[in-house]
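The structure appears right after this line, and notes come after that.
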Amino acid sequence: MSIDQLPEIAKAMVAQGKGIIAIDESNATIKKRFDTVGVENTEENRRAYREMLLTTPGLGEHISGAILYDETLRQKTKAGVPFTKIMMDNGILPGIKVDKGTVALAGFPGEVVTDGLDGLRERLNEYAGLGAKFAKWRAVININIEDGMPSDTCIEANAHALARYAALCQEAGIVPMVEPEVIMEGEHDIDDCFVVTEKVLRALFNALYQHNVMLEGTILKASMVIPGKDCPDQASVEDVADYTVQCLKSAVPAALPGIVFLSGGQSDDDATAHLNEMNKLENLPWPLSFSYGRAMQSAALKIWGQDIVNNVAKAQETVYARARDNGLAAMGEWK
């Protein structure tokens with residue numbers, strides 16, 4: 001795929017009423033999820049779980065793409081059909097998580113930077129050959145106002161890594177999804193979150209500009225502007241929507257094809273309600289959609305985990321219902 005096709009893929013990722021399902025948990029993370037439902041973390045169980053998600057009947061009506069883990073991109077259904085073929089046949093674009101997780105930022109206790117740039121060019125070329133149309137890289141920004149977090153150094157280091165990753169993606173003919181996640185853990189209020197999120201986004205788009213990244217072929221995966229989980233003053237659905245959209249309008253260029261949100265530990269209903277409320281607002285410069293992991297999977301995992309052989313259809317009904325609800329929220333039509 002050439003760089004000229006990237007805007008077309010990016011637009012398809014945020015097509016009206018559609019969003020992205022994130023099933024890119026590492027083997028260590030999926031183990032934690034499986035442990036909660038008593039399922040053993042074997043390669044076959046991971047494959048069966050991802051097959052249940054990706055073969056959900058009608059999923060492509062509301063899901064435009066799926067972010068996969070390296071193992072999943074290479075796997076097949078029980079019948080021997082590659083997951084990527086199943087996805088493309090149903091109008092779902094295969095994506096791939098390419099970062100290697102976070103490491104401590106030397107000299108800045110409590111702050112992290114994302115690893116994985118070494119060898120990334122070669123990995124991206126391989127992933128393109130395996131059928132990946134887009135990729136994802138996550139940066140992690142912690143807020144602790146009393147301790148001066150996030151530092152300017154942390155923000156700049158992560159913005160720089162995101163920009164280098166994005167440039168390498170486009171070189172390989174893959175749409176980069178850039179994800180600077182401002183973490184919900186902490187006591188910070190919604191105003192603190194606004195200030196930090198705006199600063200992070202401005203640093204990110206400045207770095208993308210410096211690295212000659214084509215914005216028309218890039219997707220932003222953003223966190224919502226929301227108070228920390230331990231903040232005594234929690235915000236209304238309307239406030240989260242207003243603050244988030246105001247922050248995005250202040251920092252994100254209109255040339256971007258679209259923005260998808262991470263759920264970031266919100267409840268399923270909160271993630272959907274906040275997205276729905278944003279899409280009721282007028283004069284949005286870009287489509288606002290979703291790229292949810294837990295908020296798309298958690299209910300289905302509980303059902304599937306009770307009987308991984310016989311509960312597949314029942315679990316898929318829940319996956320479809322969550323996709324439909326979030327698809328409606330992406331148009332401001334969820335009730």
Side chains of [X] and [Y]: closer than 4.5 Å at any heavy-atom pair?
| X | Y | result |
| --- | --- | --- |
| Ile67 | Ile96 | no |
| Asn276 | Lys335 | no |
| Trp334 | Leu275 | no |
| Leu93 | Val175 | no |
| Leu281 | Asp242 | yes |
| His62 | Tyr320 | yes |
| Val196 | Lys199 | no |
| Lys314 | Thr318 | no |

Show your reasoning for whether side chain to side chain contact (heavy atoms under 4.5 Å, CB included) applies to Ile174 and Lys133. CA-CA 5 Å; Ile174 288 176; Lys133 304 297 181 191; over 6 Å; no
So which pairs with a foot in [range] pass side chain to side chain donor-acceptor pair (under 3.5 Å), sequence neighbours left out?
| range | value |
| --- | --- |
| residues 278-295 | Lys221-Ser291 |
| residues 245-267 | Glu198-Ser250, Arg202-Ser250, Gln266-His274, Ser267-Asp270 |
| residues 84-96 | Lys85-Asp89 |
| residues 93-102 | Lys97-Asp99 |

When clusters are formed by joining ILVMFWY residues with side-chain heavy atoms under 4.5 Å apart, either directly or through shared neighbours, do [X] and [Y] land in the same one?
| X | Y | result |
| --- | --- | --- |
| Val37 | Ile303 | no |
| Ile259 | Ile141 | no |
| Leu162 | Ile155 | no |
| Val195 | Ile143 | no |
| Met52 | Leu59 | yes |

Applying ring-ring contact (aromatic ring centres under 6.0 Å, His included), name anything that partners [X], two or more places apart in sequence or on another chain.
| X | value |
| --- | --- |
| Trp137 | Tyr165 |
| Phe83 | none |
| Phe34 | Tyr49, Trp304 |

How far apart are the C-alpha atoms of Asn27 and Tyr69, what are their side-chain angles, what is the distance that settles it, and do they pass the side chain to side chain donor-acceptor pair (under 3.5 Å) test? CA-CA 9 Å; Asn27 292 350; Tyr69 185 57; 4.8 Å; no
Given the rule in the side chain to side chain contact (heavy atoms under 4.5 Å, CB included) test, do Val200 and Asn158 qualify, once you have shown the distances and angles that lead to the verdict? CA-CA 9 Å; Val200 167; Asn158 279 292; over 6 Å; no
Are there over 12 heavy-atom neighbours, none belonging to Arg164, within less than 6.0 Å of that residue's CZ?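 For Arg164, atom CZ is not crowded (no more than 12 foreign heavy atoms under 6.0 Å).
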Any chance NZ of Lys11 has more than 12 other-residue heavy atoms, nucleotides or ligands included, within less than 6.0 Å? no
Contacts table for residues 323-333: side-chain donor-acceptor under 3.5 angstrom, sequence neighbours left out:
{"residue": "Asn326", "atom": "OD1", "partner": "Thr272", "partner atom": "OG1", "Å": "2.7"}
{"residue": "Asn326", "atom": "ND2", "partner": "Arg322", "partner atom": "O", "Å": "3.0"}

Would you be so kind as to tabulate the donor-acceptor pairs closer than 3.5 Å made by side chains of residues 231-239, with sequence neighbours excluded?
{"residue": "Gln234", "atom": "NE2", "partner": "Gly228", "partner atom": "O", "Å": "2.9"}
{"residue": "Gln234", "atom": "NE2", "partner": "Cys231", "partner atom": "O", "Å": "2.9"}
{"residue": "Ser236", "atom": "OG", "partner": "Asp239", "partner atom": "N", "Å": "3.0"}

Result block: side-chain N/O donor-acceptor pairs under 3.5 angstrom for residues 106-119, not counting sequence neighbours:
{"residue": "Glu111", "atom": "OE1", "partner": "Ser151", "partner atom": "OG", "Å": "2.7"}
{"residue": "Glu111", "atom": "OE2", "partner": "Ser151", "partner atom": "N", "Å": "2.8"}
{"residue": "Thr114", "atom": "OG1", "partner": "Arg138", "partner atom": "O", "Å": "2.7"}

Between Glu51 and Arg47, is a salt bridge (Lys or Arg N to Asp or Glu O under 4.0 Å) present by the stated rule, with each step listed? CA-CA 6 Å; Glu51 177 173 349; Arg47 191 207 60 75; 2.6 Å; yes
Cationic N near anionic O, under 4.0 Å, [X] to [Y]:
| X | Y | result |
| --- | --- | --- |
| Arg123 | Asp70 | no |
| Glu126 | Arg121 | no |
| Glu179 | Lys136 | yes |

Mind checking what makes side chain to side chain donor-acceptor pair (under 3.5 Å) contact with Ser26, not counting sequence neighbours?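 Side chain to side chain donor-acceptor pair (under 3.5 Å) check on Ser26 returns Thr29.
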If you look only at distance, which donor and acceptor atoms sit under 3.5 Å apart when one is on a side chain in residues 12-19 and the other is two or more places apart or in another chain?
{"residue": "Lys18", "atom": "NZ", "partner": "Gly60", "partner atom": "O", "Å": "3.1"}

Under the criterion side chain to side chain contact (heavy atoms under 4.5 Å, CB included), I'd like the reasoning laid out for Glu44 against Lys78: C-alpha separation, chi angles, the key distance, then a yes or no. CA-CA 10 Å; Glu44 174 51 28; Lys78 204 166 179 67; 4.2 Å; yes
Set out, in order, the CA-CA distance, both residues' side-chain angles and the distance that settles side chain to side chain contact (heavy atoms under 4.5 Å, CB included) for Ile226 and Tyr243, then state yes or no. CA-CA 8 Å; Ile226 206 161; Tyr243 271 73; over 6 Å; no
